[in-house]
There are 2 protein chains.
Amino acid sequence: MRVSREQAEKNRAAVIDVASRMFRGRGFDGVGIADIMKAAGLTHGGFYGQFESKEQLEAEASRAAFARTWKRWQGALAAEPDAPLQAVASFYLTKAHRDHPETGCAFAALAGDAARSGPDVKAEFESGLESKVALLEEALISSGASPEEARTRALATVSTLVGALVLARAVNDKSLGEEILASAAAVVPDG
Amino acid sequence: MRVSREQAEKNRAAVIDVASRMFRGRGFDGVGIADIMKAAGLTHGGFYGQFESKEQLEAEASRAAFARTWKRWQGALAAEPDAPLQAVASFYLTKAHRDHPETGCAFAALAGDAARSGPDVKAEFESGLESKVALLEEALISSGASPEEARTRALATVSTLVGALVLARAVNDKSLGEEILASAAAVVPDG
DNA sequence: ATTATCTATAGATCTATAGATAATGC
DNA sequence: ATTATCTATAGATCTATAGATAATGC
């Protein structure tokens, strides 16, 4: 049941894509390799021809999630260049984002898991963070901020956004969750 | 090998205490019941005489963690009543806290896990959050803030603190972690 | 001939339970 | 007699690997 080299590459990419969603939805420890391969339409045993280990897939799936969400951030910033922090906050701090971790921010979904993971996963979180912070910094500098102020505001804003989403997901009360998101949006300055 | 009712109650409390640290250190899914019971000096099988399920222990261990850290917050606020947000930020956003999740804030350590847990765990996270927010609100109102402003600032500050700690733990680069913590401290207002 | 994927399984977990044991508390 | 804890195990996972299979790519 061998497939073409092209198809094999597509299969590998599909595994990463499926894993990226499943990991965000259920956590690294909440999904098994058999689950992922089945969802990608392949068999469990085929996994180790594509990846060295589950941890390698965790890293690659995180990278893929960051690449996707980076584009979303970039689009929002391009559409509203004069208020970059509000631009990001307004799509980030939403009920839809809270209710759909599997397609949302990998920091909010997996940073706790990454904190307990090995250096390969953390390396992806590190570059994922730096690349988002770089987007915000650039936009803030264009809006007239100093480089130092831009970096501080960018880092702190990401912390506020991620913290608010994580907390909003950890409570039962939906309206409390929305209050958390709204309070975070209220303190994000207009850049 | 039966023990006195008093000792049995102490054993149960010890299991909760040990679990509260181990869960914060390794996540709910990263620790087994056998691990916890062994660390508490008991046998695996004894667990189900003390608790209905692992999830019940997760909820009780979370509650215990919140009770402990609530006291820390209260102490910091009592010591510095005029700058409540800075008071909390200055012990929360530290290298020591980043490097010791097992004795630190359960939001930062476990909110991602809680988001995927059942309603009993989420209920503890909800009341754990409300009780910390209540402390901050009260202090901010004493410092002259309106009730609405106090609540918004309290919720947003907790989001920023938790987000910064979670992100600082998810990267390899220690100095980047410290930069994240410092940027969060810089944007927390003086109350 | 090479190799992507398959079936099947090893070996190590995990939660939860059944039944035995022995000390407490009536 | 009751009950807190113990030993032992069922049954369901999980990661990872071994070896077979069959289509690609030389």
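Note that this is a predicted model, so its numbers are computed, not measured.
Heavy-atom distances under 4.0 Å link DNA chain D to B:A8, B:N11, B:L42 of residues 5-42 of chain B, given in residue order.
B:F51 places its CZ atom 15 Å from the P atom of C:dT17, with the value rounded to the nearest Å. Between A:F47 atom CZ and C:dT5 atom P the separation is 13 Å, expressed in whole Å.
Considering only the side chain of A:R2, D:dA22 comes nearest among D:dA4, D:dT5, D:dA22. Of the candidate nucleotides C:dT3, D:dT5, C:dA23, D:dT5 has the atom nearest to the side chain of B:Q50. Comparing C:dT3, D:dA16, D:dC6 by their nearest atom to the side chain of A:Y48 picks out D:dA16.
A:V187 and A:F91 are members of different hydrophobic clusters when ILVMFWY side chains are connected at heavy-atom separations under 4.5 Å.
Under the 3.5 Å distance criterion, with hydrogens and angles disregarded, no donor-acceptor pair is assigned to the side chains of B:T43 and B:K38.
Closest approach of B:G104 to B:T69, counting heavy atoms only: O-CG2, 3.9 Å. The shortest heavy-atom contact between B:A184 and B:A164 is CB-CB, 3.6 Å.
Under the Watson-Crick or G-U wobble criterion, with both distances below 3.5 Å, D:dT13 is paired with C:dA12. Look at C:dA4: its Watson-Crick or wobble partner, with both distances under 3.5 angstrom, is D:dT21.
Mapping A:V3 and A:E52 onto DNA chain D via the closest heavy atom, the residue that lands nearer the 5' end is A:E52.
Looking at A:E178 and A:R98, a side-chain N of the basic residue comes within less than 4.0 Å of a carboxylate O on the acidic one, giving a salt bridge.
Among the heavy atoms of the strands lying under 4.0 Å from B:S4 are primed sugar atoms or P, OP1, OP2 only; no base atom is included.
For an aromatic pair to be called close, the ring centres must be under 6.0 Å apart, and B:H97 with B:Y92 satisfies this.
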